[in-house]
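Below is one structure, written out as structure tokens; the observations come after it.
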Amino acid sequence: MAQESSQSPVTPPHRVVLVVDENSNPFEMSCAIEVFGLRRPKLGRELYDFRLCADGPVTRMRDGFFTLAGVAGLDAAEEADTLIVPNRPDTATPRSPRVLDAVRRAHARGARLVGFCSGAFTMAEAGILDGRRAACHWMWAESFRARFPRVCLEPDVLFVDDGDILTASGSASALDLGLHVVRRDHGAEIANAVSRRLVFAAHRDGGQRQFVERPLPDVPDESLAPLLAWAQERLGEPLTVTGLAARAAVSPATLHRRFRTQLGTTPLAWLTGERVALACRLIERGEERLDVVAARSGLGTAANLRARVRRETGLSPSAYRRRFGPAAGEALRT
């Protein structure tokens, strides 16, 4: 009798389905394709099974720039593990009843829902955002609150992760949220690899401001890039905001202003985020000693490491290791 294989069955990749509706924005569609749809053989595994679907055979995109044809029908949404809901600039026009029904059914069966830009309007129209946290573009915040007062709209943030419902505020923050989802699903190392391919910041916290002012510089070059690169090479050292300001040859107040202007965050928040990201990468690479991870990442103590990793990822370091560590990667390959 043939001997049964001892290998675990290969887990199929997470299926992401993007619904495209009449007058949808092509930029957010492209962001979803870039993050979830491209194959990345260098990573050693397929991250997602991605599909586009629409309510009809031909979909007119925003302002009639082009039409989309040849994609799956709306029934593809029934098979999604993650459903990306449609968005469009004319937020006052009701969505297709069939699209709203598909969103409701996906939510009812436990699929994760993602909305980019005005996608929060689609979810709210479907009635699944009542009592939930959400983000939308700042220019629609007032009208959103008026139409959907039961939704806990968080103004002036890049995106909101409310567990099984995630929403991004504007067009560019679709990439921030997309990389956040990759980070949540596959860990910091994979998310960083995807962001490098995109030539995009690996991690911008969802709580950062939507609107980042970019005034004309007072000096020929006040770019933060050299300082950021310098600090990223020294995260395990006792860096301080005062020390960073001295390195940049500016006052702490000026450094705060430049961080707010160019990154939409504070120097301390940026530094903490970079240290947590490094800690996650160390855990993914197999370092099991929390005191070593805390020291090398600059988080100081194992207790602080636990608190920061849980706050950022929703997981304890040990749970993060089980999900994203070497053993988890090996299980996916078997």
Side-chain angles (χ1 to χ4, degrees), residues 18-32 34-35 61-63 65 84-95 103 113-181 183 195 198 200-216 224 256-267 269-270 273 312:
L18 168 66
V19 181
V20 183
D21 200 6
E22 285 294 318
N23 212 26
S24 283
N25 287 322
F27 180 83
E28 285 84 347
M29 179 182 71
S30 299
C31 288
E34 185 72 30
V35 173
M61 300 298 290
R62 178 177 181 173
D63 296 331
F65 288 139
I84 304 178
V85 306
N87 65 83
R88 61 186 183 201
D90 54 333
T91 58
T93 303
R95 267 57 174 178
V103 172
L113 298 182
V114 174
F116 296 147
C117 198
S118 60
F121 281 84
T122 303
M123 296 185 193
E125 285 182 40
I128 64 172
L129 275 186
D130 287 358
R132 303 291 297 265
R133 298 163 51 236
C136 76
H137 196 286
W138 60 266
M139 70 184 238
W140 293 314
E142 185 175 345
S143 63
F144 185 94
R145 283 198 185 97
R147 290 177 60 187
F148 309 110
R150 296 182 180 180
V151 180
C152 302
L153 184 68
E154 296 198 2
D156 203 28
V157 298
L158 293 179
F159 61 82
V160 167
D161 180 345
D162 199 35
D164 61 338
I165 295 179
L166 300 93
T167 47
S169 57
S171 295
S173 59
L175 285 174
D176 290 301
L177 180 53
L179 288 170
H180 173 78
V181 170
R183 180 187 177 93
S195 71
L198 291 168
F200 191 76
H203 176 66
R204 290 202 297 166
D205 185 81
Q208 290 184 27
R209 296 186 306 161
Q210 288 184 34
F211 183 63
V212 180
E213 297 176 349
R214 299 189 182 275
L216 293 174
L224 288 173
H256 271 85
R257 177 182 62 79
R258 292 184 182 177
F259 266 78
R260 281 293 188 188
T261 299
Q262 297 183 36
L263 298 180
T265 190
T266 66
W270 176 86
E312 179 63 34

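Atom CD1 of Ile84 sits about 12.5 Å away from atom OG1 of Thr122, to the nearest 0.5 Å. Here CG of Leu166 is found 9.5 Å from CZ of Arg133. Values are rounded to the nearest 0.5 Å. Of the inter-residue distances, the one linking Ser118 atom OG with Met123 atom CE reads 10.5 Å to the nearest 0.5 angstrom. The OG1 atom of Thr91 sits 4.0 Å away from atom CZ of Phe121, with the distance rounded to the nearest 0.5 Å.
Residues Cys117 and Glu28 approach most closely at CB-OE2, 3.3 Å, considering heavy atoms. Nearest heavy atom pair, residue Ser169 against residue Ala135, reads N-CB, 4.3 Å. Summarising the geometry of Thr167 relative to Ala134, their closest heavy-atom pair is OG1-CA, 3.4 Å, with the distance given to 0.1 Å. Here the shortest heavy-atom pairing between Ala141 and Leu153 reads O-CD2, 3.7 Å. The minimum heavy-atom distance between Ile128 and Arg132, with the atom names listed, is O-CG, 3.8 Å. The two residues Val35 and Leu179 come nearest to each other via the heavy atoms CG1-N, 4.4 Å.
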Please assess Leu224 against Phe259 for the test side-chain contact (heavy atoms from CB on, under 4.5 Å), listing each intermediate value before the final yes or no.
-> CA-CA 8 Å; Leu224 288 173; Phe259 266 78; 3.9 Å; yes
Stepwise side-chain contact (heavy atoms from CB on, under 4.5 Å) test for Asp90 and Glu22 | CA-CA 10 Å; Asp90 54 333; Glu22 285 294 318; over 6 Å; no
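At least one side-chain heavy atom of Met29 sits less than 4.5 Å from a side-chain heavy atom of Met61. Using a 4.5 Å cut-off on side-chain heavy atoms (C-beta onward), Thr93 and Arg88 make contact. Looking at heavy atoms from C-beta onward, Leu177 lies in side-chain contact with Phe116 at the 4.5 angstrom threshold. Between Val19 and Val85, the closest side-chain pair of non-hydrogen atoms is not below 4.5 Å.
Contacts of Arg147 classified as salt bridge (charged side-chain N to carboxylate O under 4.0 Å, His left out), with partners at least two apart in sequence or in another chain: Glu125. Shown here are the side-chain hydrogen bond (donor to acceptor under 3.5 Å, both in side chains) partners of Arg62, two or more places apart in sequence or in another chain: Asn25. Under the side-chain hydrogen bond (donor to acceptor under 3.5 Å, both in side chains) criterion, Asp161 pairs with His180, Arg184, sequence neighbours left out.
Checked by atom type and distance alone, the side chain of Ser24 pairs as donor or acceptor with a backbone atom of Asn87 at under 3.5 Å. Ser173 places no side-chain N or O within 3.5 Å of a backbone atom of Asp176 that could act as its donor or acceptor partner. When atom types are taken as modelled, the side chain of Asn23 and the backbone of Asp63 share a donor-acceptor pair closer than 3.5 angstrom.
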